[in-house]
Amino acid sequence: MDSRFDGIKRFEKKVWLASPTMHGDELKWVTDAIEKNWVSTVGENINESEKLVQEKIGRKFAVGLSSGTAALHLAIRLAGEKLYGPQPANVGTLLGKKVFCSDMTFDATVNPIAYEGGEAVFIDTETDSWNMSPEALKKAFEIYPDVKLIVVAYLYGTPGKIDEIRKIADEHGALIVEDAAESFGASYKGVQTGKFGDYSIISFNGNKIITGSSGGMFVTDSEEDCHKVRKLSTQARENAPWYQHEELGYNYRMSNIVAGVVRGQMPYLEEHIASKKRIYERYKEGLKDLPVSMNPIPDDTEPNYWLSCIVIDKDAMCPHVRSEKEVLYKSEPGKSCPTEILDVLASFNAEGRPIWKPMHMQPMYRNNIFVTTEGILRGRSNAYIDEGVAADVSADIFERGLCLPSDNKMTEEEQDIIIDIIHRCFK
Ligand SMILES: Cc1ncc(COP(=O)(O)O)c(C=O)c1O
């Protein structure tokens with residue numbers, strides 16, 4: 001380690017990006033399930049956690065599932081059936097259909113489109129929310145007016161401009177699948193995320209704002225959709241004396257043990273959000289003299305502050321080249337880059353993470369269409385974003401951005417050291 005970091009001691013206990021924070025109630029409900037022998041995919045914990053989630057979001061129904069990805073798959077399957085009708089078991093409901101989808105997100109947002117045989121068309125990101133750009137979406141509808149489904153994710157707990165996206169969707173008779181996996185507890189114009197989609201989901205993955213150790217939920221106001229998701233998630237058994245199957249089902253239901261963890265976490269959602277907000281604000285204050293900006297919070301949104309991120313000013317980036325799996329950078333006085341900061345943090349036992357690598361840059365989706373505010377953009381992979389290239393906001397944020405340690409068990413003292421380390425990266 002170079003002399004810029006002299007005097008800083010390695011954290012004895014790792015400072016995590018975002019780890020589960022348990023409170024004790026989880027154990028109570030898990031134990032209750034075990035003692036009563038309700039350990040499978042039915043039981044009070046499931047019923048209660050579904051009730052708590054639907055009340056929090058303001059939806060009529062919630063269905064506990066094994067993961068957010070499972071919830072997205074069923075949401076997309078339902079959307080496909082509604083739009084194009086039921087399909088034979090070996091044919092996805094979206095076979096050959098284009099679906100507009102957020103570009104800068106985790107690939108779990110996108111994969112279920114492929115599970116259903118659809119073709120994701122990626123929509124560029126906007127700088128002011130780091131979410132799907134309504135302008136790029138408009139452009140995409142100009143090019144593909146017949147598209148009928150939009151899958152929208154909210155990045156790092158900050159809602160996107162969902163009312164603008166809804167307006168555009170309605171103008172084209174398109175449905176919205178809302179991926180609120182990262183944003184449970186966040187609101188837009190006073191309304192909770194998870195309330196905006198024709199089909200909406202949240203995740204209880206271990207690193208989320210609250211966790212079930214794993215798990216996710218489908219949330220809806222439609223009783224019919226709620227029943228359908230329950231049925232599909234339990235192998236699509238028909239109501240018959242034997243195992244009768246008329247359509248393709250899955251083993252996607254949440255277990256009553258996982259639901260016990262969710263039930264135990266629910267009372268702490270607001271506390272987690274408050275501590276994440278403090279972390280975000282302390283970074284914002286502590287880094288304000290550096291050539292960096294925090295992930296933006298647009299007007300009308302109240303994020304859950306799941307992850308605090310920064311993006312480095314263009315002229316403060318040191319030379320930084322990424323290949324498919326490796327990276328090279330050259331440290332320069334007054335400058336830094338995401339990899340340098342992540343490397344240095346790791347060397348002190350603190351965990352950060354690069355921004356989600358945009359889907360249009362991923363080898364498996366690189367040949368899919370990518371639409372920016374300027375139209376279809378082709379041929380961009382890992383190239384550095386040159387000055388003057390207005391489009392491809394996703395690639396630019398990936399290039400210059402990173403997620404900082406955002407664990408709600410990080411102490412103020414630890415966060416101050418992280419802030420100090422980041423300052424020294426720019427020395
Ligand atoms: C945006 C987004 N969508 C979907 C998922 C999938 O959720 P899960 O891990 O519960 O399957 C995640 C996180 O894991 C996510 O961050």
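For reference, positions follow the sequence shown, starting with 1. Note that ligands are numbered from 1 as they come in the structure, with each ligand's atoms numbered from 1 the same way.
Looking at Leu65, Asn205, Thr105 and measuring to atom 9 (O) of ligand 1, the nearest heavy atom belongs to Asn205. Between Glu182, Met217, Met104, it is Glu182 that holds the heavy atom closest to atom 1 (C) of ligand 1.
Tyr305 has its ring centre less than 6.0 Å from the ring centre of Tyr280. A ring-centre distance under 6.0 Å is not found for His360 and Tyr365.
In terms of polar-atom proximity, Lys208 is counted as a contact of ligand 1, with an N or O under 3.5 Å from an N or O of the ligand. Residue Trp306 has no N or O atom closer than 3.5 Å to an N or O atom of ligand 1. Where the criterion is an N or O separation shorter than 3.5 Å, residue side chain and backbone included, Gly68 meets it with respect to ligand 1.
Contacts with ligand 1 closer than 4.0 Å are made by side-chain heavy atoms of Ala181 only, the backbone lying farther away. At a 4.0 Å heavy-atom cut-off, ligand 1 does not touch Leu155 at all. Contacts between Asp179 and ligand 1 below 4.0 angstrom, taking non-hydrogen atoms only, involve the side chain exclusively.
The backbone N or O of Lys231 sits nowhere less than 3.5 Å from a side-chain atom of Arg237 that would complete a donor-acceptor pair.
Between Glu50 and Arg230 there is a salt bridge, since at least one side-chain N of the basic residue sits less than 4.0 Å from a carboxylate O of the acidic one. Residues Glu247 and Lys228 are paired through a salt bridge, judged by an N-O separation under 4.0 Å between the basic side chain and the carboxylate. Salt bridge status for Glu412 with Arg282: present, with a side-chain N to carboxylate O gap under 4.0 Å.
Note that Lys208 lies outside the cation-pi zone of Phe184, set by a 6.0 Å cut-off to the ring centre and a 45° limit from the axis. Taking the ring centre of Phe196 as origin, the terminal cationic atom of Arg166 falls outside the region bounded by 6.0 Å and 45° from the ring axis.
Counting only heavy atoms from C-beta outward, the side chains of Ile257 and Val261 never approach each other to under 4.5 Å.
Heavy-atom distances between Leu72 and ligand 1 reach below 4.0 Å in at least one pair. Within the 4.0 Å heavy-atom shell around ligand 1 one finds Gly215.
Below 4.0 Å from some heavy atom of Thr109 lie the following atoms of ligand 1, by number and element: 1 (C), 2 (C), 3 (N). For ligand 1, the atoms closer than 4.0 angstrom to any heavy atom of Ala108 are 4 (C), 5 (C), 6 (C).
Of all protein heavy atoms, the one lying nearest to atom 11 (O) of ligand 1 is Thr69 OG1, 2.5 Å. Considering only non-hydrogen protein atoms, atom 12 (C) of ligand 1 sits nearest to Phe106 CD2, 3.5 Å. Nearest protein neighbour of atom 7 (O) of ligand 1, counting heavy atoms only, is Ser203 OG, 3.4 Å.
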Steps toward ring-ring contact (aromatic ring centres under 6.0 Å, His included) verdict (Phe100, Phe141): CA-CA 9 Å; Phe100 294 150; Phe141 272 115; 4.8 Å; yes
